Chemist: 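Before we start, here is the structure in question, set down as structure tokens.
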Amino acid sequence: MSDTILFAVVASLALPFLSFIFSNSIPSRFAWLVPLCASFLALLTCFASTYVFFRVWNQAPLDFFQGWFTSGQLVSLHIEMSNLNVLMMWVVSVVSLAVHLYSIGYMAGDKNQQRYFGFIGFFTSSMLGVVVAGNLLQLFFFWELMGFASYMLIGHWQERASAAAAAQKAFIMNRIGDAGFLVGLMILWTYAGTLDLDLLVSSSESWSTWAGVCIFLGVIGKSAQFPLFTWLPDAMEGPTPVSALIHAATMVAAGIFILARISFFFTPPVLWLITGVGVVTALAGAVLALVHVDIKKILAYSTISQLGLMVMGVGAGASGASMTHLFTHAFFKASLFLAAGSIIHALHRAHPAEPDIQDIRQMGGLRNQMPFTFIMFVLAAASLSGIPFTSGFLSKDTILTGLPTPLLIFGLLLSALTALYTFRLIWFVFLGSPQQPLAHVTEAPAIMRLAMALLAAGSLWITMSLNPFEIEGWLWRGLDPGHHTGSGLVTVLSALTSLAAVLVSYFLFRSEQFLRPVKTPDGKMWQNNFGLDKLYASTFGTFVTRSSKLTVFMDTHVIDKLIHFLVYAQVTVAYFIGWVDRFFVDGSVHSVTRLVSGVGMVTRSLAAGKIQSYILWSVLTLVIFVMWFILF
Amino acid sequence: MSLPAYWLLIFEGIAALAAVGILIFRNVLHAALSLIVLLLCFAAIYILLYAEFVGVSQILIYAGGILILILFAIMLTVRLTGKPLQVNTHNLPGGILIAAGSLAILWYALGGISLSPTGPAAQDNTQAVGYGLMTDFVAPFELAGVLLLISLVGAIISASQPKED
Amino acid sequence: MENLLYFSAFIFSTGLLVTIVKRNAIVMLLGIELMLNAANLNLVLFNRTGHMDGQMFALFIILVAVCEAAVGMALVLQMYRHYHTTLTDHISELKEK
């Protein structure tokens, strides 16, 4: 690998990390510097990754190895630079830059800006680490760091209990997925003997399937697929730029990235599983987006749905196509979130005491007060829905063309639903009649507008290909060389579906029956992720609680009782030993003394003052003496 | 004149019985009387052994002097409880052991000794003793006189009542 | 005449026994007299022709026995007066406390 490219890659990893350290260690007197410096570093990162992109795109892939540790064999750090990697690098750094700029305006006045910008930088650095990793262990390492950054950022407003709970939930669900990922790594290490992506080879034995399933489990956790998707709507407790960066564009996309990267390894059973999960997720997300009323939650479910679509694409074998959609999704979803954020920001400034600021039923008619936001939002929404002349239209078509017919039906259904809920959202927020006095609502500050514009530009068709109707643009060709079956029929169908859905939604939501009070299904099932959370709580939650209680019981009643028993036993033994000591040891000493004193007394009786005993003893002595003399 | 051996035996037997009597009799008076019997028997034995002077002085001094003394002492000390004084024994096993031991030693020492009987001396025994006292044994004789005097005085003083001051 | 020797040994032992065993001071003295007599008899027995040593010795022993008996009785009298007992057991002032 040429040195400058390597240097640029390392710089792009190091600079955001530097921002993390710098933001956290600067004294609070200079806290006003932090947003600017962080954004500047993000800009430098962007330059570095752009340089790398242009050097490596459509060139021969480059690899860099560095010995890491030896465990039976040498495991190396592996930085790989192929089209996929540099593309992801570029998109991550650009979105990160946009979010930095946006946050300067959005988070102005927040008490903990230092920590915020620090962790945004930390996250960017970790994500870049993930996308250039060529070794699964290395990737896992950065994967975990990303999860931690996500936890810290979701729970940024620590004083809110709901934010803390949401951060914990996100982290735990991620960890469940990561446990699966780790098991997959273990299987690979045991059977394949290597974790390097260039060296892995699929096999027909069962371990290959199991490894694939386990790694997909990690993707399920990270990319919010069914059944581990409930953390993503709750993660909207974090600041909106965080949602834009992490939960729309990049972190959740990391799962798709690894899925596409490893897709060569999956055996058919695994691919069936992936497809199934993707379909379920996509449809569930779309349906739930249709019934929620919080603007950010709608966007969150939309993300889930779109990720499901991407997963479906990978399962069907069109992983390059999924990557193109990932690329475009990053731009338009992030810009949707930023626009939503600007609305929330504006409404918050206008009505600071309003509790339900994000409820779309309270909004309406904002297009006049916030025209710029309106335009950006509509542009991005169009891309999401798959309206022609957008990049989203093209990228969605790449996936749809890669699907076999049964799945294609689902795909078209999904397109319709997507357009439906997107325009529902637009209608409620921007069109229609205002529900609140809008006199004080003003447009977002300039810096936020700049960020929004930066990302919304990505929603145009140029992002995919130069020809608005040519699916096989520069992007798809770069990501998936050799796979060029673009079916014109599918394209036309999808375009028609989307447009039809838009019209339907326009008429649907405009009609009287959808005016206030809004008839959205308010049942617990619809509002609570189909009762999935409750299921989790009742099964895993109670299981964990019960086993903890059992452990506590064991500890207090069994282990502690055992210890008490041992203590009592020891004390008893000590007493016994004491008794033995007194009875035997002291006793033997006493008996010796008594014996001696007895003998002494007997001997003393010789001198008792009785004359006759004197005579007796002396004569006895004499007799014995003489006898002794005689006999011997 | 050859003495009939059985006379000696008779007197031995009586003396032995008397000695055992001293041992056995509980009453002190009876013990003292046994001693008299024994002393008389001894005197008889001496005479039979042609030691007349010793025998007669035995009777005179021992039986006639010491025994009277003993009897006086008994009479003076017996009135303790009003009834005749009974004497018990103690340390009997030890005593028997010692006595038996000493007897065994002496009899063993005597071994198979043979003692030829001697006849009467050429001179008259009393005369011989008189001569001896004045010639060979005059020193002990004089000393014996002094000893008698000392013991007499001592006995009187020992037995005298303390002066009432 | 050998049996006289055995006899005198017997008297001697008896006298020793009486001295040790009896609990009366007077009887103790009787025992001592027995022993003296036994010794006397021995001396007379071993007396040989030509000299009178044995008999002279016996006479002197009798003499000394007299002195001893006189003094002894005097002591017994004093003892009786002082302790009001003739039991030798009770006179044990020689005993260490």
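Only a predicted model underlies this, so the values are computations on that prediction, with no experimental measurement involved. Chain identifiers are assigned alphabetically (A, B, ...) following the order of the sequence lines, protein sequences preceding nucleic acid strands; residue numbering begins at 1 within each chain.
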Chemist: Go through B:G65, B:A32, B:A73, B:A18 and name the one with the most non-hydrogen pairs under 4.5 angstrom from chain C.
Modeler: B:A73
Chemist: Determine the sole option in B:L103, B:I96, B:I105, B:I98 for which the side-chain contact (heavy atoms from CB on, under 4.5 Å) test with C:S13 is passed.
Modeler: B:L103
Chemist: What heavy-atom pair brings C:A58 and B:V54 nearest, and what distance separates the two atoms?
Modeler: CB-CG1, 4.2 Å
Chemist: Does some side-chain heavy atom of C:L59 sit less than 4.5 Å from a side-chain heavy atom of B:F53?
Modeler: yes
Chemist: Are more than 12 heavy atoms, taken from residues, nucleotides or ligands other than B:F72, located less than 6.0 Å from that residue's CZ atom?
Modeler: no
Chemist: Take B:L110 and C:Y6, measure what side chain to side chain contact (heavy atoms under 4.5 Å, CB included) needs, and give me the verdict at the end.
Modeler: CA-CA 8 Å; B:L110 286 173; C:Y6 291 110; 3.8 Å; yes
Chemist: Write down the atom of C:L77, the atom of B:A159, and the distance for their closest heavy-atom approach.
Modeler: CD1-CB, 4.4 Å
Chemist: Using non-hydrogen atoms only, which part of B:S160 is less than 4.5 Å away from chain C: side chain, backbone, both, or neither?
Modeler: backbone
Chemist: Is chain C contacted by the side chain of B:I24, its backbone, both, or neither, given a heavy-atom distance below 4.5 Å?
Modeler: backbone
Chemist: In terms of heavy-atom pairs under 4.5 Å with chain B, which of C:L30, C:L63, C:T14, C:V64 leads?
Modeler: C:L30
Chemist: Can you find a heavy atom in the side chain of C:I11 that is under 4.5 Å from one in the side chain of B:L38?
Modeler: yes
Chemist: Tell me the closest heavy-atom pair linking C:V44 and B:A51, and the distance in Å.
Modeler: CG1-CB, 4.0 Å
Chemist: Mind checking whether B:L147 and C:F60 have side chains closer than 4.5 Å, heavy atoms only?
Modeler: no
Chemist: So B:F137 and C:D53, do their side chains get closer than 4.5 Å, heavy atoms only?
Modeler: yes
Chemist: Would you say C:E33 and B:Y62 make side-chain contact, with heavy atoms under 4.5 Å?
Modeler: yes
Chemist: Sort B:I70 into side chain, backbone, both or neither according to what part of it lies under 4.5 angstrom from a heavy atom of chain C.
Modeler: both
Chemist: Roughly how far, to the nearest 0.5 Å, is the OG atom of B:S57 from the CD1 atom of C:I62?
Modeler: 4.0 Å
Chemist: Please classify the contact between B:Y46 and chain C as side chain, backbone, both or neither, with a heavy-atom cut-off of under 4.5 Å.
Modeler: side chain
Chemist: Any heavy-atom pair between the side chains of B:L49 and C:L41 that's under 4.5 Å?
Modeler: yes
Chemist: Can you find a pair of side-chain heavy atoms, one from B:N125 and one from C:Q55, that are under 4.5 Å apart?
Modeler: yes
Chemist: Going from CG on C:N24 to OG1 on B:T89, what distance comes out if it is rounded to the nearest 0.5 angstrom?
Modeler: 12.5 Å
Chemist: If we define contacts as heavy-atom pairs under 4.5 Å, which of B:G154, B:A128, B:S114 has the most with chain C?
Modeler: B:S114
Chemist: Checking B:W107 side chain against C:A9 main chain: does a donor-acceptor pair fall under 3.5 Å?
Modeler: no
Chemist: Sort C:L4 into side chain, backbone, both or neither according to what part of it lies under 4.5 angstrom from a heavy atom of chain B.
Modeler: both
Chemist: Check whether C:Q78 reaches the backbone of B:S158 with its side chain - one donor and one acceptor, N or O, closer than 3.5 Å.
Modeler: yes
Chemist: Select one option (side chain, backbone, both, neither) describing which atoms of B:A15 are under 4.5 Å from chain C's heavy atoms.
Modeler: both
Chemist: In Å and rounded to the nearest 0.5 Å, what is the CG to CD1 distance from B:L71 to C:I26?
Modeler: 9.5 Å
Chemist: What distance do B:L106 atom CG and C:F10 atom CZ have between them, rounded to the nearest 0.5 Å?
Modeler: 12.5 Å
Chemist: Quick one: which of C:L75, C:L29, C:L45 has the most heavy-atom pairs under 4.5 Å with chain B, could you say?
Modeler: C:L45
Chemist: Taking the side chain as every heavy atom from C-beta outward, state whether C:M73 and B:I66 have any atom pair closer than 4.5 Å.
Modeler: no
Chemist: List the atom of C:K22, the atom of B:L23, and the distance in Å for their closest heavy-atom pair.
Modeler: NZ-O, 2.6 Å
Chemist: Quick one: of C:N40, C:T19, C:N47, who has the most non-hydrogen atom pairs under 4.5 Å with chain B?
Modeler: C:N40
Chemist: For the candidates B:A100, B:P140, B:S102, which exhibits the highest count of non-hydrogen atom pairs separated by less than 4.5 Å from chain C?
Modeler: B:P140
Chemist: Using non-hydrogen atoms and a 4.5 Å limit, figure out which bit of B:I45 sits close to chain C: side chain, backbone, both or neither.
Modeler: side chain
Chemist: Any idea which of B:L133, B:V20, B:I150 has the most non-hydrogen atom pairs under 4.5 angstrom with chain C?
Modeler: B:L133
Chemist: Below 4.5 Å from any heavy atom of chain C, which atoms of B:L143 appear? Answer side chain, backbone, both or neither.
Modeler: neither
Chemist: At a heavy-atom distance under 4.5 Å, which candidate from C:V27, C:V71, C:N37, C:L16 has the highest pair count against chain B?
Modeler: C:N37
